Number of protein chains: 2
Amino acid sequence: MNTMIHTRECPIETVINVLGGKWKPMIYWHLIESTKRFSDLERLIPAVSQKMLTQHLRDLEKEGLIVRTIHPVVPPKVEYALSDYGKTLIPVLEVMCAWGENHNERKSEESAS
Amino acid sequence: MNTMIHTRECPIETVINVLGGKWKPMIYWHLIESTKRFSDLERLIPAVSQKMLTQHLRDLEKEGLIVRTIHPVVPPKVEYALSDYGKTLIPVLEVMCAWGENHNERKSEESAS
DNA sequence: CAGGATCCTAGAGGATACTG
DNA sequence: CAGTATCCTCTAGGATCCTG
């Protein structure tokens, strides 16, 4: 495989596409902590619409980052968890998170001066 | 302006917002290599429109990531370079890039099977 | 409970023309 | 050369209603 970055789709865009949905980082973030049900995520992220929550979960599942488990009970019980592969994103998120926090502080200071 | 909104915005979203424009990662990526003129970037990123190139450059400048230097000559000469602060993003990009490349390969294999 | 199906809007981005 | 200024398109996302 060619590792000449410029000739291929920028891998950074890949990451942004994977996490780029409005609520995806937050969804992912909550799943790092533990497995969650659909209604858990709705409660944890009150502003998200059902439609987008569903759609983002499907996207993340399609990328192999999360696993959707349907328990055949009544009422329905569906659980979402990070896949082993999905966990490989955690260190990436941590690095991003650290920079993002610093950047937010920087902007706060600058608007306070 | 105060920072009353201390809802602890997810720092990951901060990174995504900073790099989230359609061409921002690519612009940034080219500037890592060296200082570039506006026309250089147009040539390096043929698909970008003038409008978006200008707009994204302004955004990146506003975030303090790049520096815009106007040389008072005729014809105009404007150069864009990473700021020292902007360079702090490089390690973050490298981590993202590594994961993104791996993810692209993974998806290639899966669609080839 | 965990969604699917519809309809609708805002804003990111594109196309084109013009200019100091 | 390095942009503005307009106008236009397209889609991510929101709101609402319905169901196995």
Side-chain angles (χ1 to χ4, degrees), chain A residues 9-10 12-31 34-63 65-82, chain B residues 7 9-10 12-31 34-63 66-82:
Chain A
E9 182 201 33
C10 186
I12 294 161
E13 287 170 5
T14 302
V15 175
I16 290 177
N17 289 337
V18 164
L19 288 174
K22 184 167 179 182
W23 309 99
K24 283 180 190 173
M26 209 167 276
I27 293 170
Y28 189 90
W29 196 260
H30 285 298
L31 292 182
S34 69
T35 294
K36 295 280 187 301
R37 298 180 61 167
F38 189 88
S39 52
D40 291 334
L41 293 169
E42 276 191 306
R43 184 173 35 77
L44 290 165
I45 315 172
V48 71
S49 64
Q50 283 185 336
K51 176 191 163 188
M52 290 316 296
L53 182 53
T54 303
Q55 186 175 307
H56 283 168
L57 286 167
R58 294 290 177 281
D59 290 346
L60 293 171
E61 189 189 4
K62 204 162 197 171
E63 297 292 341
L65 299 185
I66 68 176
V67 175
R68 179 168 175 253
T69 307
I70 307 173
H71 297 85
V73 297
V74 179
K77 179 175 179 179
V78 179
E79 285 184 322
Y80 295 92
L82 293 192
Chain B
T7 325
E9 180 202 34
C10 185
I12 294 160
E13 287 171 4
T14 302
V15 175
I16 290 178
N17 289 336
V18 164
L19 288 173
K22 185 168 180 181
W23 309 100
K24 283 179 190 173
M26 208 167 276
I27 293 170
Y28 189 91
W29 195 260
H30 285 297
L31 292 184
S34 69
T35 293
K36 295 280 188 299
R37 299 179 60 167
F38 189 88
S39 52
D40 292 334
L41 292 169
E42 277 190 303
R43 183 174 36 77
L44 290 165
I45 315 171
V48 72
S49 65
Q50 283 185 334
K51 176 189 162 188
M52 290 316 296
L53 182 53
T54 302
Q55 186 175 307
H56 283 169
L57 286 167
R58 294 290 177 282
D59 290 346
L60 293 170
E61 189 190 3
K62 205 161 196 170
E63 297 292 340
I66 68 176
V67 175
R68 180 169 174 252
T69 306
I70 306 173
H71 297 84
V73 297
V74 179
K77 180 175 179 180
V78 179
E79 285 185 323
Y80 295 92
L82 293 193

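Computed from a predicted model, the values in this text were never measured in an experiment. Here is the naming used below: chain letters follow the sequence lines, and residue numbers restart at 1 for every chain. Below, each value reflects all heavy atoms present in this structure, side chains not excepted, and no hydrogens, waters or symmetry copies.
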Which value, rounded to the nearest 0.5 Å, describes the distance between [X] atom [atom1] and [Y] atom [atom2]?
{"X": "A:Met52", "Y": "A:Ile45", "atom1": "CE", "atom2": "CD1", "result": "11.5 Å"}
{"X": "A:Glu79", "Y": "A:Ile66", "atom1": "CD", "atom2": "CD1", "result": "12.5 Å"}
{"X": "B:Ile12", "Y": "A:Trp29", "atom1": "CD1", "atom2": "CH2", "result": "4.5 Å"}
{"X": "A:His30", "Y": "A:Leu44", "atom1": "NE2", "atom2": "CG", "result": "4.5 Å"}
{"X": "B:Leu53", "Y": "B:Phe38", "atom1": "CG", "atom2": "CZ", "result": "4.0 Å"}

Between [atom2] on [N] and [atom1] on [X], what's the gap in Å once rounded to a whole number?
{"X": "B:Leu53", "N": "D:dT4", "atom1": "CG", "atom2": "P", "answer": "11 Å"}
{"X": "B:Ile27", "N": "D:dG3", "atom1": "CD1", "atom2": "P", "answer": "12 Å"}
{"X": "A:Asn17", "N": "D:dA12", "atom1": "CG", "atom2": "P", "answer": "11 Å"}
{"X": "A:Gln55", "N": "D:dG14", "atom1": "CD", "atom2": "P", "answer": "10 Å"}

Worksheet item: So A:Leu57 and A:Leu41, side-chain contact (heavy atoms from CB on, under 4.5 Å) or not? Walk me through it.
Response: CA-CA 10 Å; A:Leu57 286 167; A:Leu41 293 169; 3.9 Å; yes
Worksheet item: Can you find a side chain N or O atom of B:Arg58 that sits less than 4.0 Å from OP1 or OP2 on D:dA2?
Response: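 Result: no.
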Item to complete: Identify, with sequence neighbours excluded, every residue that meets side chain to side chain contact (heavy atoms under 4.5 Å, CB included) alongside B:Val74.
Response: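 B:Val74: no side chain to side chain contact (heavy atoms under 4.5 Å, CB included) contacts found.
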Discussion item. Taking salt bridge (Lys or Arg N to Asp or Glu O under 4.0 Å) as the cut-off, I'd like each qualifying pair that reaches into residues 35-48 of chain A, sequence neighbours left out, listed once.
Written reply: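 As it turns out, the salt bridge (Lys or Arg N to Asp or Glu O under 4.0 Å) pairs with a partner in residues 35-48 of chain A, which skip direct neighbours, are A:Glu33-A:Lys36, A:Asp40-A:Arg43.
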Worksheet item: What residue pairs, at least two apart or across chains, pass salt bridge (Lys or Arg N to Asp or Glu O under 4.0 Å) with a residue in residues 48-60 of chain A?
Response: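 Every pair satisfying salt bridge (Lys or Arg N to Asp or Glu O under 4.0 Å) with a residue in residues 48-60 of chain A: A:Lys24-A:Asp59.
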Fill in: Positions of residues 66-80 of chain A (non-hydrogen atom under 4.0 Å from DNA chain D), listed by number
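Those residues whose heavy atoms fall under 4.0 Å from DNA chain D, taken from residues 66-80 of chain A in numerical order, are A:Pro76.
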Worksheet entry | Heavy-atom pair of closest approach, residues B:Val18 and B:Leu60 |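 So the minimum-distance heavy-atom pair works out to O-CD2, 3.8 Å.
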Discussion item. On a heavy-atom basis, which atom in A:Ile70 and which in A:Arg68 lie closest, and how many Å separate them?
Written reply: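 In this case the closest contact between A:Ile70 and A:Arg68 is CD1-NH1, 3.9 Å.
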Practice prompt. Just report the end-to-end axis angle for the helix from C:dC1-D:dG20 to C:dG20-D:dC1, five pairs per end, to 10 degrees.
Written response: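 End-to-end axis angle for the helix from C:dC1-D:dG20 to C:dG20-D:dC1: 60°, rounded to 10°.
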Worksheet entry | Pairs meeting criterion side-chain hydrogen bond (donor to acceptor under 3.5 Å, both in side chains) with involvement of residues 12-23 of chain B, two or more places apart |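 Counting only pairs at least two positions apart or across chains, the side-chain hydrogen bond (donor to acceptor under 3.5 Å, both in side chains) contacts touching residues 12-23 of chain B are A:Asn104-B:Thr14, B:Glu9-B:Thr14.
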Practice prompt. Please list residues of residues 36-51 of chain B whose heavy atoms come under 4.0 Å from any atom in DNA chain C, ordered by number; otherwise none.
Written response: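 Contacts with DNA chain C under 4.0 Å: B:Ser49, B:Gln50, B:Lys51.
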Item to complete: Could you tell me from which nucleotide to which nucleotide of DNA chain C, 5' to 3', there is an atom under 4.0 Å from chain A heavy atoms?
Response: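 First and last nucleotides in contact are C:dC1 to C:dC7.
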Discussion item. Under the rule for salt bridge (Lys or Arg N to Asp or Glu O under 4.0 Å), what residues qualify as partners of B:Glu63, not counting sequence neighbours?
Written reply: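 Salt bridge (Lys or Arg N to Asp or Glu O under 4.0 Å) list for B:Glu63, sorted by chain: A:Lys107.
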